[in-house]
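As C-alpha cells, the structure follows; a few thoughts come after it.
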Amino acid sequence: GENVEQHPSTLSVQEGDSAVIKCTYSDSASNYFPWYKQELGKRPQLIIDIRSNVGEKKDQRIAVTLNKTAKHFSLHITETQPEDSAVYFCAPSLKGGTGKLIFGQGTTLQVKP
Amino acid sequence: GAVVSQHPSWVICKSGTSVKIECRSLDFQATTMFWYRQFPKQSLMLMATSNEGSKATYEQGVEKDKFLINHASLTLSTLTVTSAHPEDSSFYICSARLDRGFYGYTFGSGTRLTVV
C-alpha cells in the first residue's frame with residue numbers, strides 16, 4: 001500500500017515569511033496530489049491539488065510542485081499570515097480504483113505575528 | 001455544492017453501548033464513502049471504504065465487527081461503533097469521492113465521540 005511521509009512535523013515562521021512542506025510517497029501509480037488544511041476540531045479543507053501531468057500549480061499565495069520521478073510533492077505558502085496557522089496534510093491517491101486518500105502525518109504550521 | 005452532512009457532531013456515551021454516526025450526501029450521489037478516525041494531534045487514519053450496495057472494505061487492523069458500516073443508499077452511509085470503550089473515543093469523519101467532471105473529495109464535519 002501507499003506509504004506517505006511528510007516533513008517537517010512542525011514549522012514555525014514569522015509573518016510574511018515563506019513556508020514549505022514536503023510529502024514523499026511510495027506508490028508510483030499515484031496521480032492525484034492534494035494538500036489539506038485542518039483547523040482544530042474541523043474537517044480538512046482542500047487548499048490546492050495537482051494532477052500527475054502537471055509539474056506546478058499556483059493559486060495566489062499557495063503553490064504545489066510535483067516531482068513524479070522522485071515521488072514527492074511540496075506545498076509552498078508565501079507571505080504567510082497568522083490565519084495560515086493550522087495543520088496541513090498531504091494525501092496522494094490514485095484516481096480510479098478505490099481512490100482512497102492516505103494522509104501524511106501532518107505538519108503543524110505556526111505563523112508568528 | 002457537493003455537501004456531506006454528518007451527524008451527530010458530538011456524542012457522549014457510556015461504555016458498552018453502541019453509537020451510530022450518519023453521513024448523508026445532500027446534492028449528489030455518493031457511490032463511495034470513506035471513514036476516518038483521528039486521535040488528538042494525529043493524522044486521519046482510514047478505517048474503511050464503503051460502496052453503495054456492497055460490503056465495506058476495512059483497512060488492516062480495523063475490527064469489522066466492532067465498526068459496522070452500512071451504505072444502503074447512494075445518499076447515506078452509516079458507521080456504528082458497537083460496544084464502545086473509552087479507547088474508541090476519537091474524532092470520526094467521513095469523506096465522499098467526487099467524480100462529476102472534476103475529481104476530488106468532500107468531507108463531513110466530523111463527529112467527536114467520547115466514551116465514559
Side-chain angles (χ1 to χ4, degrees), chain A residues 1-10 21 23-25 27 29-54 57 59 64 85-110, chain B residues 2-10 21 23 30-51 54-62 69 71 89-114:
Chain A
E2 179 80 277
N3 185 36
V4 181
E5 291 193 3
Q6 193 175 327
H7 296 283
S9 56
T10 60
I21 304 170
C23 182
T24 304
Y25 60 96
D27 189 348
S30 294
N31 57 9
Y32 175 65
F33 307 95
W35 283 97
Y36 290 90
K37 175 183 180 182
Q38 188 182 32
E39 296 176 344
L40 192 62
K42 297 190 175 180
R43 76 188 87 192
Q45 286 182 296
L46 177 70
I47 54 171
I48 198 165
D49 59 11
I50 196 169
R51 314 297 166 90
S52 60
N53 58 343
V54 178
K57 181 178 177 181
D59 183 4
V64 56
S85 298
V87 181
Y88 292 82
F89 293 98
C90 62
S93 79
L94 174 64
K95 183 181 177 183
T98 65
K100 58 186 180 183
L101 293 175
I102 303 298
F103 284 82
Q105 303 93 326
T107 297
T108 301
L109 173 64
Q110 182 186 26
Chain B
V3 175
V4 171
S5 176
Q6 184 171 347
H7 293 281
S9 55
W10 61 270
I21 301 169
C23 275
T31 54
T32 303
M33 193 77 81
F34 304 96
W35 286 94
Y36 293 88
R37 178 168 54 181
Q38 187 177 31
F39 292 111
K41 296 188 179 181
Q42 293 189 21
S43 185
L44 287 84
M45 298 301 296
L46 180 65
M47 299 175 67
T49 302
S50 75
N51 292 293
S54 61
K55 288 184 178 180
T57 302
Y58 291 81
E59 294 298 305
Q60 193 172 9
V62 178
I69 292 172
H71 195 159
S89 299
S90 188
F91 189 60
Y92 293 86
I93 191 164
C94 61
S95 174
R97 187 175 69 178
L98 304 171
D99 233 336
R100 308 183 302 174
F102 70 95
Y103 187 72
Y105 300 80
T106 185
F107 288 83
S109 53
T111 297
R112 173 73 58 193
L113 170 63
T114 302

Non-hydrogen atoms of chain B under 4.5 Å away: do they reach the side chain of A/Pro44, the backbone, both or neither? both

According to the interplanar angle, ranging from 0 to 90°, do the rings of B/Tyr105 and A/Tyr32 count as parallel (below 30°), tilted (30 to 60°) or perpendicular (above 60°)? tilted

Counting distance only, does the side-chain N/O of A/Glu5 pair as donor-acceptor with the main-chain N or O of A/Thr24 below 3.5 Å? no

Side chain, backbone, both or neither of B/Gln6 within contact of chain A (heavy atoms, under 4.5 Å): neither

Qualifying residue, where the test is side chain to side chain contact (heavy atoms under 4.5 Å, CB included) with B/Tyr92 and the options are B/Arg112, B/Met47, B/Gln38: B/Met47

A/Leu101 versus chain B, the contacting section by heavy-atom distance below 4.5 Å: both

Under 4.5 Å from any heavy atom of chain A - which part of B/Leu44: both

Side chain to side chain contact (heavy atoms under 4.5 Å, CB included) evaluation trace for A/Cys90 with A/Val4: CA-CA 8 Å; A/Cys90 62; A/Val4 181; 3.6 Å; yes

Chain A contact via B/Phe34 - side chain, backbone, both or neither, heavy atoms under 4.5 Å: side chain

Regarding A/Gln105 and A/Ser9, is there a side-chain donor-to-acceptor distance under 3.5 Å anywhere? no

Checking heavy atoms, do the side chain of A/Gln6, its backbone, both or neither come under 4.5 Å from chain B? neither

Distance-only, no hydrogens or angles: does the A/Thr107 side chain make a donor-acceptor pair with backbone N or O of A/Pro8 under 3.5 Å? yes

Can you tell which part of B/Gln60 gets under 4.5 Å to a heavy atom of chain A, answering side chain, backbone, both or neither? neither

Please flag which part of A/Thr108 lies under 4.5 Å from any non-hydrogen atom of chain B: side chain, backbone, both or neither. neither

